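The structure appears below as structure tokens.
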There are 2 protein chains.
Amino acid sequence: MNVEQAMDKLKSEGYKYTDKRFDMLTLFSDEGRYLAAKDVLESLQVKYDGMSFDTIYRNLSVFTDLGILEATELDGEKRFRFSCDTNDHHHHLICLECGKTKHIHHCPMEAAVSEQGFQVTGHKFEVYGYCEQCQ
Amino acid sequence: MNVEQAMDKLKSEGYKYTDKRFDMLTLFSDEGRYLAAKDVLESLQVKYDGMSFDTIYRNLSVFTDLGILEATELDGEKRFRFSCDTNDHHHHLICLECGKTKHIHHCPMEAAVSEQGFQVTGHKFEVYGYCEQCQ
DNA sequence: CTCCGTGCAAAGCGTTTGCACGGCG
DNA sequence: CGCCGTGCAAACGCTTTGCACGGAG
């Protein structure tokens, strides 16, 4: 998925084109890492003067609902990243400093769970630390 | 670790004995599952009329600092459970309804991470779903 | 012209903190 | 009798929501 495809998806679902949505998606596409709402605001308010959290949050929510972004939560803060190819199930190494990620192509679910009577609906495997630049 | 050992630890670290602390620890010991602050309040305010979140949060913080409780975060809410034996590294199946947990004795870290240049400081592997009773 | 997207403001939720008092040691 | 633990109240950070206006289609 790239920015154009994401905007197409928006339109096909009845959402309108706006420069701010385009710029938000471009930001996520360019960065390719987890960003918090405040990171998005910081980036966009350079260009848009009155830009506030409301629009950010509302659009993040729209994007996530449409599967354009994927979300995780760290230290009570939601973070979002451009959705990776969903056909390729994987997990992330996440840098606690800059939010950059690396893929982990090993999913522990296969080996881990042999529980009877527990209906699994989801799982989370994340490794935290510091990337080469941030150490 | 049991309640008595936990209270001893508190004393040895210079913290005082209070009924509320004892009851909080007893609750966590009895339940043996993840509880949110509001769950603790709900349980203790039956016995203590003016009981408020302040004490809960402050003591949860103390307990966690001393390693008596372990914490995780789910849906923007901190949850705590009586610390399992720390010698036995493991992860949890967590019921999204009642918070009950089962241990997963397989840790994915060994198999997963062969990244160069990434300094790993922590990891999280949790499986979510519904236990037999809550399905 | 009709809604959707937006900014503004205020509220929401879980959590944290300053203060003064009361109780443990 | 000193200091820690507590309740009260207020503030906090992040997020969500009601409202009215302006811009996309």
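Just so it is clear: chains get the letters A, B, ... in the order the sequence lines come, proteins before strands, and each one is counted from 1. Here the structure is a predicted model, which is why all the values come from computation and not from measurement.
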Next on the checklist: Please determine whether a side-chain nitrogen of the Lys or Arg among A:K11 and A:E13 lies less than 4.0 Å from a carboxylate oxygen of the Asp or Glu.
Outcome noted: no

Checklist entry - How about A:H91 and B:H123: are their ring centroids closer than 6.0 Å? => result no

Item to check | DNA chain D-proximal residues of residues 7-26 of chain A, any heavy atom under 4.0 Å | outcome: A:K16, A:Y17

Item to check | Between D:dC8 (P) and B:R58 (CZ): distance, integer Å | outcome: 12 Å

Checklist entry - What's the CD-C1' distance between B:E42 and C:dG14, to the nearest Å? => result 15 Å

Checklist outcome for this item: When rounded to whole Å, the CG to C1' distance for the pair A:N59 and D:dT16 reads 14 Å

Item to check | Separation of C:dG14 P from B:F80 CZ (nearest whole Å) | outcome: 14 Å

Next on the checklist: Quick check: on DNA chain C, is the nucleotide nearest A:I56 upstream (toward 5') of the one nearest B:S61, or the reverse? Name the residue that is more 5'.
Outcome noted: A:I56

Next on the checklist: If you assign each of A:G76 and B:G50 to its closest nucleotide in DNA chain D, which residue comes earlier from the 5' end?
Outcome noted: B:G50

Next on the checklist: Quick check on C:dT16: is either OP1 or OP2 less than 4.0 Å from any side-chain nitrogen or oxygen of B:K78?
Outcome noted: yes

Checklist entry - Quick one: are A:Y48 and A:D19 in side-chain contact, heavy atoms under 4.5 Å? => result yes

Item to check | B:Y48 OH to D:dC8 P, straight-line distance once rounded to whole Å | outcome: 15 Å

Next on the checklist: Which residues end up grouped with B:L96 if you chain together Ile, Leu, Val, Met, Phe, Trp and Tyr wherever their side-chain heavy atoms are less than 4.5 Å apart?
Outcome noted: B:Y34, B:L74, B:I94, B:Y128, B:Y130

Checklist entry - So what does B:A36 hit on the nucleic acid, given a heavy-atom distance under 4.0 Å: a base, only sugar-phosphate, or nothing? => result nothing

Item to check | Side-chain donor/acceptor contact of B:D54 with base of D:dA10 under 3.5 Å | outcome: no

Checklist entry - Should the pair A:E31-A:K100 be classified as a salt bridge under the 4.0 Å nitrogen-to-oxygen rule? => result no

Checklist entry - Can you check the A:F53 CZ to D:dG13 C1' distance for me, whole Å? => result 10 Å

Item to check | Considering all heavy atoms, the nearest B:L44-B:M24 contact | outcome: CD2-CG, 3.5 Å

Checklist entry - Any side-chain donor-acceptor pair under 3.5 Å between B:T72 and B:K124? => result yes

Checklist outcome for this item: When rounded to whole Å, the NZ to C1' distance for the pair B:K47 and D:dT6 reads 16 Å

Item to check | B:D75 CG to D:dT15 C1', straight-line distance once rounded to whole Å | outcome: 14 Å

